[in-house]
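Notes follow once the structure below has been shown.
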Amino acid sequence: MGSSGAERAAERLLLAALCSVCQALQDGMLFPTESPSREVKDVSGLWIFRADESPERSRGFEQQWYKSPLAETGPVIDMPVPSSYNDITQDAQIRDFIGWVWYEKDVWVPARWIQDRGTRIVLRVGSAHYYSVLWVNGVKVTEHVGGHLPFEADISGVLRQTSGNQCRITIAVNNTLTLETLPPGTIQYMTDRSRYPAGYFVQNTNFDFFNYAGIHRPVLLYTTPKAHIDDITVETTFSDNIGLVSFNVSVLGSSKAAVKVTLSAQDGRCVASADGSRGVLKVTDVNLWWPYLMHENPAYLYSMEVQATAEDGQTDVYTLPVGIRTVKVTSTQFLINNKPFYFHGVNKHEDADIRGKGFDWPLVVKDFNLMKWMGANSFRTSHYPYAEEILQMADRHGIVIIDECPGVGIKDIRSFGNVSLAHHLTVMEELVRRDKNHPSVVMWSVANEPASEMPPAGFYFKELVSHTRSLDSSRPVTYITASNYARDLGAPYVDVICVNSYFSWYQDPGHTELIGLQLNTQFDNWYGKYQKPIIQSEYGADAVPGLHSDPPMMFTEEYQKTVLQNYHNVFDQKRKEFVIGELIWNFADFMTSQSIIRVVGNKKGIFTRQRQPKAGAFLLRERYWRIANETAGLSVSRSSFTSKEINR
Ligand code: GCB
């Protein structure tokens, strides 16, 4: 195809981008970065904290704790941000607390931000679990439903009207889950007075990780000019050696801003530019974004600088990394840049000692090093959206992501109602709005193991999948199923079948000799019914580090290894046909709620919670590097890739 082919592709791309933009949420959610027109001030760190222990958890609101310094309302303690609050103290009541907790921090806002009326000051929370209300100097500025996704408020007006540079930020966060939240949960009051004191209640959930709560990601103050770049949407494709980047820029605060877009290569060379808020950039001799281990030069990122100049002459500048690549699905393959891609990767959690789900750079970098060490080319953000910084790392290292929303544990028929569906659609909008520009994200997952055999699931998933496609037509959509293939009502709507199974663990415990037969049956049944490519999206076994037995017994490192080997034998047959990936459950051990089937958390990690390898990690390492050599069509050696510097 010559340049006319490229032109046709460009037109299609522009149309797709315009259609998707019309349907997205109204405002954008660009990751705050510094630029000549923008400043960022991180106000994470040490905050003060108070849990509302009143029976109804409502005292804070009744007494308006946001009106005065929190320390004046009663006893407060230190609390780091970002971090879950649960494991910070020695108090089991705080660990297991359900209801409203209050955070507060006094910060200084640079005087020039306040004085310059052309400056817009925004307060942004990377995520807080689950329902949050935000006040600045006692004035409510926003509220947000849902964990794992960012929210923000323009606080310029409040700051200028209240006490100048001083800024008291108060955030109330409630971790209660209901039938209509994502994930869902129920609050159960225990009424048998012979067993429970008055007012005793518990939070029930249907998911297998600890319901960590608090402010989980950084809290930032940032500025933009009044007329500012609110959102940018890019979609990419290529034809021969020409890369095409369609862009759509939305500017708020000015109806006539002049927009200029410049795309630069990694050496700083400008490779394409355009005027106007939408268009298509053409890049000759394109360097495509390739996954790790699929190319000698993976994860190539261009840099797209957007300038918007308003009538008053002020210019806002925002720079977005752009990876040019395509994703397609056939009935037997997953194609990245038209080449078959096999997912050999992991499922993760945002989870660690002490900080719980709190964002932590050392942990993030260590995890990427471990993934690259073991030859993993992908991970799934089980069971909720991860921090944007993690997606940025994946973009830069070429690690492919299946991006999952917090639709985990949807088991109760009442959670398939209209209110739940409406919230789920909104969460997908927030997720796509936040993550649409990441080249690493190749597929959306709308849920994990819902009760997809219940009659409402058919309608529910039809809506959910088609809405997600209308938000982003450039990526496939899936959900993760564990139900029986014959009774699954959502599978007709997805692009890829993702299936979890735990043969010889939850079924036929101890009988690893059955895995081969049962796994073959699983694959043949699903493929026979739907003719869609299949990812084994979870499989594994608990291993308590240091427990050994031969012949293997459950919970030992040998047993975990044996389960994995038996699965791998089948994968090696089926990946010649329609199996397009395998994701181990789990990358690392992680915390769960207390139960008789969990010994201080889930131990299916191939690394411990402290990121030390179990025997299974070495087995997977051998396997993943071997698969990379077989499938990538290039000879990759561990030493060349693990020591390779990233493309920056
Ligand atoms: C699953 C779930 C995951 C659990 C895992 C297990 O199917 O998707 O959240 O942690 O099984 O270990 O039980």
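Numbering of ligands and ligand atoms starts at 1, following listing order. In this text the structure is predicted, and so the values were computed from the model without any measurement.
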Examine Lys604 relative to Tyr502 and say whether NZ or CZ is less than 6.0 Å from the centre of the six-membered ring and inside a 45° cone about the ring axis. yes
Would you call Phe207 and Tyr384 a side-chain contact if the rule is heavy atoms closer than 4.5 Å? no
Taking only non-hydrogen atoms of Phe590, do any sit less than 4.0 angstrom from ligand 1? yes
Closest by any non-hydrogen atom to atom 1 (C) of ligand 1: pick that one out of Glu538, Lys603, Lys604. Glu538
Return yes when Tyr506 approaches ligand 1 closer than 4.0 angstrom through a heavy atom, no otherwise. yes
Heavy atoms only, cut-off 4.0 Å: how does Asn448 contact ligand 1, side chain, backbone, both, or neither? side chain
Side-chain contact, heavy-atom cut-off 4.5 Å: Val563 with Trp505? no
Within the 4.5 Å heavy-atom criterion, are Phe379 and Ile401 side-chain neighbours or not? yes
Under 4.0 Å, heavy atoms only, figure out whether ligand 1 is touched by the backbone of Arg598, its side chain, both or neither. side chain
In this structure, does ligand 1 have an atom that sits under 4.0 Å from one of the heavy atoms of Phe209? no
Can you tell which part of Tyr502 has a heavy atom less than 4.0 Å from ligand 1: side chain, backbone, both or neither? side chain
Asn602: numbered ligand 1 atoms lying under 4.0 Å from its heavy atoms: 6 (C), 10 (O), 12 (O)
Quick one: are Ser504 and Tyr559 in side-chain contact, heavy atoms under 4.5 Å? yes
Which word best sums up how the rings of His568 and Phe571 line up, parallel for under 30°, tilted for 30 to 60°, or perpendicular for over 60°? tilted
